[in-house]
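Just below is one structure, and these are the notes that go with it.
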Protein chains: 2
Amino acid sequence: MASQSTAAKGRRGRKAGENAVPSSVQVLDRSLHLLSIVADNDGSTLTDLADHTGMAPSTVHRLLTSLANHGMLAHDPESGEWTVGVRAFEIGNAFLRYRKLGSISRPFLKRLMDACGETANVAIEDEGDVVFISQIESHAPMRAFFRPGRRGPIHASGIGKAILSTWSDTDIGQMLSGKTLAHFTAHTLDTLPALLKDIQQIRARGWSIDDEEHTLGMRCIAAPVFNEHGEAIAGISISGPAVRLPKNKLDVFGPVIHRTADELTQAMGGRKPHEL
Amino acid sequence: MASQSTAAKGRRGRKAGENAVPSSVQVLDRSLHLLSIVADNDGSTLTDLADHTGMAPSTVHRLLTSLANHGMLAHDPESGEWTVGVRAFEIGNAFLRYRKLGSISRPFLKRLMDACGETANVAIEDEGDVVFISQIESHAPMRAFFRPGRRGPIHASGIGKAILSTWSDTDIGQMLSGKTLAHFTAHTLDTLPALLKDIQQIRARGWSIDDEEHTLGMRCIAAPVFNEHGEAIAGISISGPAVRLPKNKLDVFGPVIHRTADELTQAMGGRKPHEL
DNA sequence: GAAATCATTCTCATGATATGGAAATAAAGA
DNA sequence: TCTTTATTTCCATATCATGAGAATGATTTC
C-alpha cells in the first residue's frame, strides 16, 4: 500500500485517488464508485474495474460480490460481466415516489421569479387538462394567480402548449378530438390548424407563448419538463400582465425559462426526448 | 450511554439484525440496508434509522452522509428526512438500459394502449416475483396502475402466468415449492394443480388471463417476451376493469397482445423457444 | 422560558474488519 | 498439450470503521 510517509496524513487521510467526492467511509466510496462505473458502462468485467480504479482485483471482487448479494449488481458467469441489478432499479424508483414535483421545483420557480419579476408556475398535464401544482408569486401589485390544483385548458395555456409541442401532430389531434377547443378571447387558438401552426413554432423555439389566449391582458411564457422516459409530464411558466411582457421581453425571458425547465428536468431525474 | 440489556448486543456480532442477506463487507451491508429502509418507507429520520438498525446514531449519520455525498440519498434539512436521491434513480435505470426492455418496449406499449384503450405494462420475472418495469396509462378515468419497481405475485398476475407457461411443469413446481401460493380473491389459483391446469390453456392459447385473481374487478391479458436464448424474461399485458374486458373482448385483445409480444421479442433480438 | 428532544459535528481509543499479496482455479489461446 | 490470462479463495496484517462521549444548535413541549 502506498504509505504516504511522514505525518501529513490527516487522521482520515483519503487516498490521493481520483475520487473527488468528499466523504467519510472508504468502502462505501469505493463500492458506489464501482456501482457508478458499472451503471455508466452497461456492464464491465472484474479486470476492467480493477484497472480502472487501481484497486486490487481481490478487493474489487469482494465489493462486487457484496453488492451483488444485495441485488444491486448482477453477474453473468458466462461473459463475466457485472451489470446493474433489480434491487438498484427498485430502490431507484423509490425516488419517483417522493420526488414531489412541487417541492423540487420550488427553488427553480423562485429563481425564475427573481429573474423575471413575474409569477412563476408549475403545472402538469392530466387527461387533456393542465393542472397547476405550485407557484411563486411576483411582488408586483398586479399579478397572475392560479390556485394549486386548478385545471386549465391545454390548448389555451402556455404550459399546455409547451407540453403539446412535444407530441406528434397526430397524437395532438387524437387527444383533442371530441373536445371542442374552447374559445376564451379573440386570441384563442380555437381551431386545430391554428393550434398546430403555433406549435410548429414552439418546437423550433423550445418555449411557448400564451398571448392573451386565455385571459385578456395576460401573457405567459412556458417550457416543458420531462420524465425519465423523455415524456413531457409537466411544464413551468411565468405569467404576467401583457404590458409588462412586451415582445422584446418575451425574447429575453423565453430562453431563461427554457433553460430552467431543462435544469428542473435534470433535477427530477428526467431527460429530454432524443438523448439516449 | 447505558447500553440496553448489557452484553446482549453482540459486540461486533456479524449480524445483530434481521438482515438475512449474506455478504462479506459489513459497511456495505449496513449502508445498503439503510438505503433499503429509506427506499421502502418513503423517507426516514436519523433516530428512526438508528433505532431500527440498532446502530449508533453517529454511525448511522456517517453512513447516511456518505450515501448522500454520492447522491444515493438526499436530505431535507427542514424536515430532517432522508430520502432516495437522483443518483440512485439514475443508476437503477441503468438496469433497464442494460436489459433494453424499458426503452424498446415503450412504443409497443403505446400501440397496445391505443389499440385496446387499456393501460399497458411490461414486467420481468425476478426471484419468483414479477417486477413491473414500465407502463403506459390508459386515458380512461378508471384505470389500473402499477408503480415501476413494484413487485407482484407470479402466480396471480397475467404476466407472471404468461412467463410460467413457458416453463415445464416440473420447473414451475420447483420454483413454487416452499412458497405458499398467496390467496388474494375468490378467483386466485392458489393450488398448484389449479394453476397448472390454467397454464395448460395458456400454452395452447399463447396468452394468459388474470381474471380478478389478484384484485377484484381487474382483469389482465398478457403474453411472454423472450430473450436471445428463447427464455421468457419478461411479459407485456393490458389491464383494466373487468366490466370493460368481458369475454368477447378478451378473445379479441388476446391475439393482439400475443402478436405484440412477439414483435417486441424480435425487436429485442430475442427469439421464441422452439425455433432453431 | 426552562426543559426536553432531536440532529449534527467533533474527537478518540479500540479492535473488528477491510485489505491486497499470493496461491488456487478456471478459462481461453497457441 | 502447455501458456497465458481472468477469476476466485485464503489469510496475516494494520487500516479504518466504530460507538461512546460531549458540545452545539434547532425545535418542540410543558
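Small disclaimer: the values here were computed from a predicted structure and weren't measured.
With hydrogens and angles disregarded, no donor-acceptor distance shorter than 3.5 Å links the side chain of Arg244(A) to the backbone of Gly117(A).
In this structure, Asp29(A) places its CG atom 19 Å from P of dT15(D), rounding to the nearest Å. Following rounding to the nearest Å, Asn69(A) (CG) and dT8(D) (P) show an atom-to-atom distance of 13 Å. For Leu28(A) and dT17(C), the CG to P distance is 15 Å, given to the nearest whole Å. In this structure, Asp51(B) places its CG atom 11 Å from C1' of dC6(C), rounding to the nearest Å. Taking atom CG on Leu63(B) and atom P on dA18(C), their separation rounds to 12 Å, with Å as the unit.
Applying the 3.5 Å distance criterion, the base of dG21(D) shares no donor-acceptor pair with the side chain of Ser58(B).
Phosphate proximity of dT17(C) to Arg30(B): absent, as no side-chain N or O sits under 4.0 Å from OP1 or OP2. Taking 4.0 angstrom as the limit, Gln26(A) places none of its side-chain polar atoms (N or O) nearer than this to OP1 or OP2 of dT17(C). Remark: Thr59(A) is in phosphate contact with dG20(C), judged by side-chain N or O atoms under 4.0 Å from OP1 or OP2.
Considering only residues two or more places apart in sequence or on other chains, Lys110(A) meets the salt bridge (charged side-chain N to carboxylate O under 4.0 Å, His left out) condition with Asp114(A). With sequence neighbours excluded, the residues satisfying salt bridge (charged side-chain N to carboxylate O under 4.0 Å, His left out) with Asp129(B) are Arg151(B). Partners of Phe132(B) under the ring-ring contact (aromatic ring centres under 6.0 Å, His included) rule, at least two apart in sequence or in another chain, are Phe146(B).
Between Trp82(B) and His61(B), the ring-plane angle classifies as perpendicular under the 30° and 60° cut-offs.
For Asp76(A) and Thr83(A), the side-chain atoms include no donor-acceptor pair closer than 3.5 Å. For the 3.5 Å distance criterion, the side chains of Arg87(B) and Ser36(A) qualify, holding a donor opposite an acceptor.
Glu263(A) has a carboxylate O that lies under 4.0 Å from a charged side-chain N of Arg111(A), or vice versa, which qualifies the two as a salt bridge.
Nucleotides of DNA chain D nearest to Arg62(A) and Val60(B) differ in position, and the one nearer the 5' end is that of Arg62(A).
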When you compare the protein's N or O atoms with those of nucleotides 24-30 of chain C, which come within less than 3.5 Å of each other, and at what distance?
none

Please list each protein N or O that sits under 3.5 Å from an N or O in nucleotides 5-7 of chain D, with the distance.
residue : atom : partner  : partner atom : Å
dT7(D)  : OP2  : Thr47(A) : N            : 3.1
dT7(D)  : OP2  : Thr47(A) : OG1          : 2.1

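For residues 162-180 of chain B, the salt bridge (Lys or Arg N to Asp or Glu O under 4.0 Å) pairs, not counting sequence neighbours, are Asp169(B)-Arg203(B).
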